[in-house]
Amino acid sequence: MPEWPLPETFPSGSGAVRWNRLGGADRPPLVLLHGTPFSSYVWRAVARSLAREHQVFVWDMPGYGMSEKSAGQDVSLAAQGRVFTELLSHWGLQEPLVVAHDFGGAVALRAHLLHDAAYRALALVDPVALAPWGSPFFRLVRDHAEVFEQLPPALHEALVREYVASTGGPGLHPVVLERLVGPWLGESGQPAFYRQIAQADQRYTDEIQDRYAGIGVPTVICWGEEDAWIPVAKGRELAATVPGARWEPIAHAGHLVQEDAPAELTAALLDFLRRVP
């Protein structure tokens, strides 16, 4: 992906993490977290826009995108929360602005609530946060990951493509769809796809769900109104749980709001971030 380079490497406790930084070092730091089964690539348009006012950090979680994928790798929410905390220390960020999507929302919440990662403000975009979560397909694969791992490569590729394309909204551009599917193919990609689903245990959000009412940083919750993976009602429920949380529904967008409505999402984020003390 030459148009979305991640030239830096951090040796985390769960494998090598690829990352990059956009924007001037004199600007307020902001970190973007992706979800599953995606990578930081989904943030490319939003990141470049935010970098006009912020120093933006982007990274692929272990087991995702351009970061390390290996047998026996711990890519659970628990591991990713620890890795994110390690990264913040590596970057020297004490109170960054944090914007997190999907699975990345749970990662950011765990780092904040369990590992004392301090944020200046938190923006959650269609996050995995409230039980129950996981589409019927996701739960089926999670419960039978060892069977799906045996699929012939062509069938596996078709399955991943259909799954990634099922997020709701207007649909993904074919080039974008190929970019999102690509990391999950081949000798390392195919087992990595099922590995991350097999380790997606709801107990990792159950452990922190009761703590959301204690979140004290400015928070906004953005949600694609046509999200086919996590109903918009979950977003309203989460917004009512976090004290003072701002609610920002995004019209004509599915679960991948960054792809479906990047301009609208960027506008909502900038309006929120510019109001943060």
Side-chain angles (χ1 to χ4, degrees), residues 20-35 38 40-59 84 88 93-109 111-112 117-130 167-170 212-213 215-227 229-277:
N20 197 8
R21 174 172 30 206
L22 297 78
D26 59 333
R27 299 168 187 170
L30 182 152
V31 185
L32 294 169
L33 289 83
H34 67 81
F38 313 115
S40 62
Y41 178 77
V42 300
W43 282 118
R44 66 200 179 283
V46 175
R48 287 167 176 151
S49 296
L50 294 178
R52 296 175 66 88
E53 298 184 15
H54 301 84
Q55 180 184 191
V56 178
F57 293 79
V58 293
W59 61 296
F84 183 45
L88 292 177
L93 304 183
Q94 297 182 352
E95 286 192 346
L97 302 163
V98 172
V99 181
H101 175 246
D102 181 75
F103 182 91
V107 173
L109 287 166
H112 182 59
Y119 306 151
R120 184 178 166 201
L122 176 63
L124 298 170
V125 182
D126 296 62
V128 170
L130 297 176
T167 54
Y212 298 162
I215 294 174
V217 299
T219 303
V220 65
I221 297 168
C222 304
W223 215 280
E225 292 185 332
E226 298 177 11
D227 190 331
W229 285 9
I230 311 178
V232 68
K234 281 291 181 185
R236 296 192 187 97
E237 182 183 348
L238 181 61
T241 301
V242 178
R246 180 171 169 176
W247 171 242
E248 287 282 356
I250 308 293
H252 312 299
H255 188 68
L256 270 177
V257 188
Q258 309 96 313
E259 298 291 348
D260 296 339
E264 292 85 347
L265 177 59
T266 300
L269 291 173
L270 283 174
D271 184 62
F272 167 71
L273 295 169
R274 287 166 178 163
R275 297 168 187 262
V276 173

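For the numbers below, each heavy atom of this structure counts, side chains included, while hydrogens, waters and symmetry mates do not.
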Requested in this report: Tell me, with the steps shown, if E248 and V125 meet side-chain contact (heavy atoms from CB on, under 4.5 Å).
Outcome: CA-CA 9 Å; E248 287 282 356; V125 182; over 6 Å; no
Requested in this report: Work out which heavy atom in V56 is nearest to a heavy atom in A47; give both atom names and the distance.
Outcome: CG2-O, 4.0 Å
Report summary line: Looking only at heavy atoms, the pair that brings P262 and A45 closest together is CB-CB, 4.3 Å
Query raised in the report: salt bridge (Lys or Arg N to Asp or Glu O under 4.0 Å): which pairs involve residues 258-270, sequence neighbours left out?
Result: R44-E259
Report summary line: Output for pair (Y212 OH, L130 CG), nearest 0.5 Å, gives 6.0 Å
Requested in this report: Determine whether L238 and P127 make a side-chain contact, defined as any pair of heavy atoms from C-beta on separated by less than 4.5 Å.
Outcome: yes
Requested in this report: Would you give the length of the straight line joining atom CG of L22 to atom CZ of R52, rounded to the nearest 0.5 angstrom?
Outcome: 13.0 Å
Query raised in the report: Considering only heavy atoms from C-beta outward, does the side chain of Y119 approach that of P218 to under 4.5 Å?
Result: no
Report summary line: d(L97 CG, E95 CD) to nearest 0.5 Å is 10.0 Å
Query raised in the report: Do R21 side-chain atoms and Q55 backbone N/O form a donor-acceptor pair below 3.5 Å?
Result: no
Query - Parallel, tilted or perpendicular: ring planes of W59 versus F84, cut at 30 and 60 degrees - result: parallel
Query raised in the report: Considering all heavy atoms of both residues, which atom of L88 and which atom of P96 are nearest to each other, and what is their separation?
Result: CD2-CG, 4.0 Å
Query raised in the report: Tell me, do L109 and I215 make a side-chain contact under 4.5 Å, heavy atoms counted?
Result: yes
Query raised in the report: Can you tell me if CD on Q94 sees more than 12 non-hydrogen neighbours from other groups inside 6.0 Å?
Result: no
Query raised in the report: Got a donor-acceptor contact below 3.5 angstrom from the W247 side chain to the I221 backbone?
Result: no
**Report entry** Non-neighbouring partners of R275 that pass salt bridge (Lys or Arg N to Asp or Glu O under 4.0 Å), sequence neighbours left out
**Finding:** D271
Query raised in the report: Should L50 and L32 count as side-chain neighbours, where that means a heavy-atom distance under 4.5 Å?
Result: yes
**Report entry** Test item: F57 and L93 side chains (from C-beta on) under 4.5 Å apart, heavy atoms
**Finding:** yes
Query - Point-to-point distance, once rounded to the nearest 0.5 Å, from CZ of F272 to OG1 of T219 - result: 6.0 Å
Report summary line: Here the gap from L124 atom CG to L33 atom CG, rounded to the nearest 0.5 Å, amounts to 10.0 Å
Report task. Give the intermediate values and the outcome of side-chain contact (heavy atoms from CB on, under 4.5 Å) for residues R27 and E53. Result -> CA-CA 6 Å; R27 299 168 187 170; E53 298 184 15; 5.9 Å; no
Query - For P243 against A213, the heavy-atom pair lying closest together - result: CG-O, 3.0 Å
Query raised in the report: Would you find a donor on one side and an acceptor on the other, under 3.5 Å apart, between the side chain of D126 and the backbone of G224?
Result: yes
Query raised in the report: With no hydrogens and no angle check, is any side-chain donor or acceptor of D102 less than 3.5 Å from a backbone partner on G104?
Result: no
Report task. Please round to the nearest 0.5 Å and tell me the distance separating atom OG of S49 and atom CG of L269. Result -> 10.0 Å
Requested in this report: Would you indicate whether the side-chain heavy atoms of L273 and L30 approach each other to under 4.5 Å?
Outcome: yes
Query raised in the report: Is there a donor-acceptor pair closer than 3.5 Å between any side-chain N or O of H112 and the backbone N or O of A117?
Result: yes
Query raised in the report: Under 3.5 Å, side chain of W43 to main-chain N/O of H101, donor-acceptor pair present?
Result: no
